[in-house]
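After the structure tokens below, expect a handful of questions from me.
Below, chain A is the first sequence line, B the second, and so on; all start at residue 1. Values below: every heavy atom of this structure, side chains too, minus hydrogens, waters and symmetry copies. What you are looking at is a predicted structure, and each value in this text was computed from that prediction instead of being measured.
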Amino acid sequence: MTAMRQALLDVAELSVAFPGRNGPIRAVDGVSFRLEPGESLVIAGESGSGKSMLCRALMNIQPGAASVTATRMDWQGRALGALSPRDWRALRGGQMAMIFQDPAAALNPLLSVGRQIMDVVNAHRACSRAQARSRAIEVLGLAGLPEPEARLASYPSQLSGGMRQRVAIALALAAAPKLIIADEATTNLDVSIQAQIVALLKRLQRELGLGLIFVTHDLDLAAEVGGRLMVMYAGQPVETGPVQTVLKDPCHPYTRGLLRSAPTLHSSRETPLQPIPGQTPKPGAVGAGAPFRSRCPVSVEGVCDVRRAPWSEAGPGHRVACNRFALDGRGGLP
Amino acid sequence: MSKPMIEACGIDKTFTLRRDGRLVEHRALKTVSADLHEGEILGIVGESGSGKTTLSRIMIGIDTASKGEILFHGDRVATRREWRDLRRHVQYVFQDPFTALCPTMRIGKALAEPLAIHGIGSREERPARVARMLEMVGLHPDMAGRLPSQLSGGQRQRVNLARALMSEPKVLICDEIVSGLDVSVQAQVLALLLDLQKRLGLSLIFISHDLRVIRYLCDRVLVMYLGEIVEQGRTDEVFAAPKHDYTRRLLAAIPDRDRPAHHSPIDEALK
């Protein structure tokens with residue numbers, strides 16, 4: 001084992017709850033992970049899995065009604081819970097930056113690209129106008145925008161979707177952060193642009209030693225990003241491990257179901273996709289039991305409806321939260 | 001091979017756009033020809049701006065072609081009456097299940113509307129037809145009393161399919177109908193679509209940017225790029241041995257969990 005470096009983010013039992021009529025509704029429930037510099041964590045799940053809310057809680061930009069709790073939430077060894085709003089402003093955008101799904105909504109349509117990036121640079125470091133400008137050109141270049149200097153004067157409406165997402169990446173890089181959170185950042189892009197953007201993020205991660213949290217609903221894309229994978233369902237993490245391991249040997253009925261329902265480049269009608277019956281439970285409907293029990297073909301009667309599954313070891317670094325797995329191992333899985 | 005149900009012959013489409021205060025002509029389709037045979041599932045794949053939606057809209061007369069013509073069962077479709085007749089037999093399912101349904105119209109009324117428009121059946125038998133159709137797409141007949149806002153995305157897309165099928169069409173054009181759905185729900189809708197196609201003997205045009213869905217669903221595929229069909233053929237052949245450079249690039253960009261890590265286009269790009 002290599003000696004443990006200091007983690008960028010060290011989170012234990014993070015939950016995000018909203019007030020509801022019958023007690024709090026947990027949008028995120030019991031998420032734990034550690035992310036070191038240069039590592040990537042892919043968070044995969046469908047709508048309602050809580051993956052976006054988790055990202056927002058990490059950046060402290062959750063909706064006002066939400067309450068965030070955790071037994072540990074440290075940024076480079078420092079407890080995030082103790083930060084003042086002023087400290088948060090320095091951290092957010094400065095040390096950790098986020099790329100959103102819709103670059104058109106993330107950029108201000110009334111300000112030129114250069115102005116927006118220079119604003120971020122100026123907010124996080126004391127520098128002259130000329131220095132901010134050259135930094136803006138530098139990060140636009142890093143983000144793979146051709147002719148970055150000429151682009152400074154462009155407005156978001158003059159750029160294509162892929163170009164806008166590159167500007168959003170440049171914006172995230174502007175203050176030289178240590179962590180980038182990409183929340184479905186390639187979902188609205190054409191596949192060829194998506195491949196370019198993912199390649200860009202991986203290159204930046206490698207060259208600048210960035211931590212990367214990559215949120216997606218696409219498990220094939222998760223495989224391309226690499227690193228660790230956390231599969232979430234209805235707010236709860238259900239399986240975590242190295243991406244390739246989890247995809248080759250999925251041990252949660254939900255992960256298995258998701259993989260069987262997603263077509264790949266090799267699937268054809270001779271081997272029909274197997275949809276997961278039913279739909280994601282409404283927020284707050286999960287209660288005390290296992291979140292996937294209403295759609296699960298192997299749920300354990302008398303167990304899954306009353307208690308959450310404990311974490312079981314499925315292999316090195318590979319853990320799964322499933323009552324059936326805890327009872328019967330892989331043999332009990334569908 | 002069976003004779004084509006519907007054919008697009010030499011379709012050209014030019015849009016006039018205003019760019020920086022000047023009018024510019026944009027040629028969205030460049031002399032495109034395509035046909036759909038009875039009982040087949042034809043995929044049209046391409047990235048945004050490739051013209052796949054424009055072509056399909058012209059095929060049912062929502063847009064008009066600048067040049068070229070549409071043939072239905074071998075006959076040219078020209079007059080209003082001929083278009084109206086075509087639209088009874090060729091139906092369109094739109095991408096966004098949220099905007100495709102009128103928010104204040106109950107599902108039952110939305111489904112009965114095509115019957116009224118095409119004068120199918122008597123007023124009295126319409127509720128029964130609606131109930132049958134709801135069951136066919138896997139929804140409870142009670143859904144007829146609901147409003148679109150009370151349904152999930154997957155349920156709405158089932159309602160859209162049901163509405164398109166009310167006039168008992170022979171051809172269904174599905175424009176990105178599973179793109180907005182979660183993977184597990186997407187698989188449900190794809191299974192439904194295959195089941196309906198078999199049971200009703202439909203011919204399908206399935207438009208998608210997702211090559212994985214196209215590969216799974218379609219017998220034949222057209223690959224479009226910047227207003228042109230750059231490649232077409234049987235789906236398995238095109239995917240096994242793509243001939244056009246653009247198709248190869250498109251296939252290489254699809255994320256694939258089974259691809260050996262060093263073959264990833266993303267790692268290629270990193271070198």
Next on the checklist: Determine whether a donor-acceptor pair (N or O, by modelled atom type, separation under 3.5 Å) exists between the side chain of B/Asp219 and the backbone of B/Ile41.
Outcome noted: yes
Next on the checklist: Among A/Val243, A/Leu258, A/Asp218, A/Leu219, which residue has the highest count of heavy-atom pairs closer than 4.5 Å to chain B?
Outcome noted: A/Asp218
Next on the checklist: Checking the side chain of A/Ser112 only, and the main-chain atoms of A/Ser154 only, is there a donor and an acceptor separated by less than 3.5 Å?
Outcome noted: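 No.
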Next on the checklist: Within residues 46-56 of chain B, which residues come under 4.5 Å of chain A, heavy atom to heavy atom?
Outcome noted: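 Checking residues 46-56 of chain B against chain A gives B/Glu47, B/Ser48.
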Next on the checklist: Between A/Arg164 and A/Asp102, does any side-chain N to carboxylate O distance fall below 4.0 Å?
Outcome noted: no
Checklist outcome for this item: If one checks every heavy atom of A/Glu46 against chain B at 4.5 Å, the contacting part turns out to be both
Checklist outcome for this item: Highest number of heavy-atom pairs under 4.5 Å with chain B among A/Gly226, A/Ala262, A/Gly161, A/Ser192 belongs to A/Ser192
Checklist entry - Can you say whether B/Leu194 sits under 4.5 Å from chain A via the side chain, the backbone, both, or neither, judging by heavy atoms? => result side chain
Checklist entry - Which bit of A/Leu189 comes within less than 4.5 Å of chain B, counting heavy atoms only: side chain, backbone, both or neither? => result neither
Checklist entry - For chain B, which of A/Ile276, A/Thr264, A/Leu247 has the most heavy-atom pairs under 4.5 Å? => result A/Thr264
Checklist entry - Given that the side chain runs from C-beta out, which part of A/Arg260 has a heavy atom under 4.5 Å from chain B: side chain, backbone, both or neither? => result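 Neither part; nothing is under 4.5 Å.
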Checklist entry - Side chain, backbone, both or neither: which part of B/Leu192 has a heavy atom under 4.5 Å from chain A? => result neither
Checklist entry - Are any of the side-chain heavy atoms of B/Asn160 and B/Ile177 separated by less than 4.5 Å? => result no
Checklist outcome for this item: Against chain A, residues from residues 149-156 of chain B with at least one heavy atom under 4.5 Å, in numeric order, are B/Ser152, B/Gln155
Next on the checklist: For A/Thr271, which atoms come within 4.5 Å of any heavy atom of chain B: side chain, backbone, both, or neither?
Outcome noted: backbone
